[in-house]
Amino acid sequence: MSLIIPPSVVATRQPNTEKKLTKQAREWLEGDDRSPGIHASDLLDIRQAYWRHVDPQDLSDREVWTFLIGKVLHAFTLSAIDERELSWQSGEKSRHSKLLEIDYSPDKLTKKGVPRELKTTRSFYAPKEDDEGRVDLADIEVYIEQCLIYMTAENKTEGMLDILYLNLKDKTGRTTPQMRSYKVVIDESDLEKMQTYLKRKRDRLESARKTGNFQELPLCRLWKCSERMCPWWDKCKPEGRYGVETEKKGRKK
């Protein structure tokens, strides 16, 4: 039997407290030291990275709590796996790649210097895999990209990727947290090509930062490029997308 709550009990929402908590969380998140140079994450979508550098924006309320949850889960999981005291540090100390001329912070480097990255996701479904456990890279594309950047920066043909699925559906249809771990490998020739490719992306971003010619940078991925998702939508005016009416999703009347 549940607790009997007296009829005199009243709960009233406190918007001012919510604003204060959000402000404190934002200040804590933005308190992390970050060098002014180009970072590994900047190489994912270099046009958006351009705007982050030339026109920094405060985190939205949605981003504050999304990032806070991610950071907390990240810290607790890494500390538990490593059997060490809780640390709010995101991962290894910031490193600099002379080869790529970027700063980066992998979650962990093994004794052999292999980068290991931990990610969390709210996805309901695990990546598809074949009988040998090889997964469809399209299902974890964004995580693989970041892992490859770290591998390239460390000049390693091997990396590790751990993904904590918070709401993975089990055989009964219920959601449950589950971990998926992957070994990521690339051959030497493709690693060299990746190094050349990433240096080119880095140089294009740096050139745009100096000249302001952001239109020379490729458009971001479609799911990042919209009025709803990008705070620089009206400044960037992405060609072929800005001002173009898109089909609204929903039930037809």
Side-chain angles (χ1 to χ4, degrees), residues 32-46 48-49 52 70-71 73-84 87-121 123 126-165 178-206 218 220-221:
D32 286 347
D33 292 332
R34 184 179 174 91
S35 65
I38 293 177
H39 292 252
S41 58
D42 289 332
L43 300 184
L44 297 176
D45 290 275
I46 56 178
Q48 192 175 81
R52 277 200 302 269
K71 189 176 180 70
L73 285 171
H74 205 269
F76 272 103
T77 304
L78 283 177
S79 297
I81 290 173
D82 290 343
E83 297 183 349
R84 56 177 169 81
S87 170
W88 294 114
Q89 183 174 311
S90 298
E92 297 282 340
K93 290 183 179 179
S94 182
R95 301 166 68 83
H96 181 77
S97 169
K98 291 183 179 180
L99 176 67
L100 302 180
E101 295 185 80
I102 62 169
D103 295 327
Y104 63 104
S105 301
D107 285 331
K108 187 178 180 62
L109 291 175
T110 68
K111 292 180 179 179
K112 295 182 179 180
V114 173
R116 187 166 195 166
E117 187 69 5
L118 170 68
K119 294 296 183 184
T120 58
T121 177
S123 174
K128 305 180 193 69
E129 58 185 70
D130 63 18
D131 294 338
E132 296 181 3
R134 291 174 299 194
V135 301
D136 186 341
L137 298 185
D139 290 340
I140 52 175
E141 182 179 24
V142 69
Y143 304 139
I144 287 289
E145 288 175 343
Q146 194 163 353
C147 191
L148 281 174
I149 294 174
Y150 294 149
M151 290 164 59
T152 305
E154 290 290 329
N155 199 33
K156 297 292 183 182
T157 57
E158 181 181 321
M160 296 294 295
L161 178 61
D162 302 304
I163 306 177
L164 177 58
Y165 284 82
Q178 294 185 46
M179 181 68 80
R180 292 289 187 272
S181 296
Y182 305 101
K183 179 180 179 180
V184 182
V185 295
I186 186 173
D187 64 34
E188 288 282 357
S189 62
D190 279 340
L191 181 64
E192 292 177 3
K193 292 176 183 177
M194 183 63 66
Q195 290 169 340
T196 300
Y197 169 63
L198 291 177
K199 283 192 289 186
R200 189 180 300 120
K201 291 193 76 172
R202 190 263 176 210
D203 291 344
R204 291 184 69 182
L205 174 56
E206 183 60 28
C220 301
R221 274 167 275 211

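These numbers come from the heavy atoms of this one structure, side chains and all, not from hydrogens, waters or symmetry mates.
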So, taking the atom named NE2 in His74 and the one named OG in Ser79, what distance separates them when rounded to the nearest 0.5 Å? 10.5 Å
Once side chain to side chain donor-acceptor pair (under 3.5 Å) is applied, do any residues pair with Glu188, and if so which ones, sequence neighbours excluded? none
Does the Asp139 side chain pair with the main chain of Lys128, one donor and one acceptor, at a distance under 3.5 Å? yes
Residues which pass side chain to side chain donor-acceptor pair (under 3.5 Å) with Glu145, listed by chain and number, not counting sequence neighbours: Arg221
For Glu158 and Val185, indicate whether the former's side chain and the latter's backbone hold a donor-acceptor pair under 3.5 Å. no
Pairing residues for Val135 by the side chain to side chain contact (heavy atoms under 4.5 Å, CB included) criterion, not counting sequence neighbours: Pro127, Glu129, Leu137, Ile140, Tyr182
Looking at side-chain heavy atoms only, is the closest gap between Ile102 and Ile149 below 4.5 Å? yes
A side-chain contact here means heavy atoms from C-beta on lying under 4.5 Å apart; do Gln146 and Leu161 qualify? no
Side-chain heavy-atom pair Glu154, Arg95 within 4.5 angstrom cut-off: yes
Side-chain contact test, heavy atoms from C-beta onward, threshold under 4.5 Å: evaluate it for Ile38 versus Leu100 and give yes or no. no
Heavy-atom donor-acceptor pair, Arg202 side chain to Glu101 backbone, under 3.5 Å: yes
Please enumerate all residues that pass salt bridge (charged side-chain N to carboxylate O under 4.0 Å, His left out) together with Lys199, with sequence neighbours excluded. none
Using side-chain contact (heavy atoms from CB on, under 4.5 Å), reason through Ile186 and Thr152 one step at a time and then give a plain yes or no. CA-CA 10 Å; Ile186 186 173; Thr152 305; over 6 Å; no
Residues forming a side chain to side chain donor-acceptor pair (under 3.5 Å) with Thr196, sequence neighbours excluded: none
Can you tell me if Lys108 uses its side chain to pair, donor with acceptor, with the backbone of Arg116 under 3.5 Å? no
Which residues pass the side chain to side chain donor-acceptor pair (under 3.5 Å) test with Gln178, sequence neighbours left out? Arg180
Distance col, row Thr110:OG1 vs Met160:CE, nearest 0.5 angstrom, shows 9.0 Å
To the nearest 0.5 Å, tell me how far Cys147 SG sits from Lys156 NZ. 13.5 Å
Distance in Å, Leu148 CG paired with Glu141 CD, rounded so as to fall on 0.5 Å steps: 10.5 Å
Can you measure from CG (Leu164) to CG (Leu73) and round to the nearest 0.5 angstrom? 6.5 Å
Spacing of Asp162 atom CG and Lys119 atom NZ [to the nearest 0.5 Å]: 11.5 Å
